[in-house]
Amino acid sequence: MKEDFLKFQAQTTPHPLALEVESAIGSYIKTSDSKNYLDFVAGVSACTLGHSHPAVVNAIKEQAEKYLHVMVYGEYAQAPAVELSKLLAKNLPGSLSKTYLVNSGTEAIEGALKLARRATGKTGIIAARRAYHGNTMGSLSLMDFEERVEPFKPLIGDVSFIEFNSTKDLQNINDHTACVILETIQGGAGFIQPVDDYLLKVKKRCEEVGALLILDEIQPGFGRTGKLFGFENFGLVPDILVMGKGMGGGLPIGAFTASEEVMDLLMDNPKMGHITTFGGNPLIASAALATLKELLGTSLIAETLQKEKLFRKHLQHPLIQEVRGRGLMLAIILKSAEIADQLVLRAKDEQLILFWLLFEKRAVRITPPLTISSEEILKGCGIIVDILEELNSNIEAVN
Ligand SMILES: Cc1ncc(COP(=O)(O)O)c(C=O)c1O
């Protein structure tokens, strides 16, 4: 299968990890050679409840027996999408009451940007340096990383950048600004959290100039940071909330949520201001609804903070400079990019799945399923520390 994977399926890197997946359950992925890999990545923060959680699988099965796709988004009332949107509204601040369901994170970002321009009648978009919001043309235009965007230019216009956590840069938000878009916790940049009421200050500045604040919660959202959404840790409410990844419990989904007043603008001038065929798909929405119900009906979200403590206690080694992030959105910052590289590759030999971050090359992500057990945490941390010990001995032998 690996040969066909490399030959017929488009690749994103010359050296993919290329595990041949046979099945996956809980915190483990089983490969075709009958090895069981402990998963500290969860499909890059997507498998919130672990692999093949029974609540998600049953919801999919039940829905599959009723109906699949019946109509483009927004025309028919379909229970999974309606209930999902309603339950989200119930668990969000009052101003975030209406949700538009789409098919992926980047598509939700596109919708949010369009909505902000439509709602303000302005065009300026401000994003943060080293942000990641996705890979379609609009999301890509929010990426301030020349090497990655240059070959695809021209991008969309009127985008400028500020430094995340810089109060000084807030002056750049002005009357021309339609929206400021930020990740609540910067992911690809190295799991960088907002400091000193930064997000509150951004929100205040947006209010002063009549701009909307869009928070991208595609990675921190759905419980990863000890709250249902990351912004709840920082004392503010965005004008538009964007979600995806962990929302679907392993199925592809994205969404953006705003007030009814703002969201309803997409119905008019132009009519059908944002449309999608498969957004709100009943099978996907039923999986997302089951995921949300499971998160709200258990202590999994609160437990992320206990699990964070366990990770921090057991991820101690001279080659680890820092463990960044919050809850189960953690990144080990190593002494060098080479060590990070070797750790990920060696961990694969030891049947532990780790992965890199996009921009911070010294980082290794720890974003396991929220359902991970204490024993699994200890087992994985033990493997990491042993590998680092081995790498350290090699470094010392060379010096
Ligand atoms: C913060 C953030 N925004 C947007 C995206 C894009 O989501 P998707 O890959 O579903 O398009 C990602 C995906 O990694 C992300 O982490």
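Counting starts at 1 for both ligands and their atoms, in listed order. Along the sequence shown, residues are numbered consecutively beginning with 1.
Relative ring orientation between Tyr100 and Phe256 is described as parallel, the plane-to-plane angle staying below 30° on a 0-90° scale split at 30° and 60°.
A search for side-chain hydrogen bond (donor to acceptor under 3.5 Å, both in side chains) contacts involving Glu217 returns Thr184, not counting sequence neighbours.
Proximity of His51 to Asp39: side-chain heavy atoms (C-beta onward) are separated by under 4.5 Å at one or more points.
Looking only at atom types and distance, the side chain of Gln321 has a donor-acceptor partner in the side chain of Arg362 under 3.5 Å away. Gln63 and Ser286 form no side-chain donor-acceptor contact under 3.5 Å, judged by distance and modelled atom types alone.
Around ligand 1 you find Ser104, Gly105, Thr106, Tyr132, His133, Gly134, Glu183, Asp216, Ile218, Gln219, Lys245, each with a heavy-atom distance below 4.0 Å.
Taking 4.0 Å as the cut-off between side-chain N and carboxylate O, Glu308 and Lys313 do not count as a salt-bridged pair.
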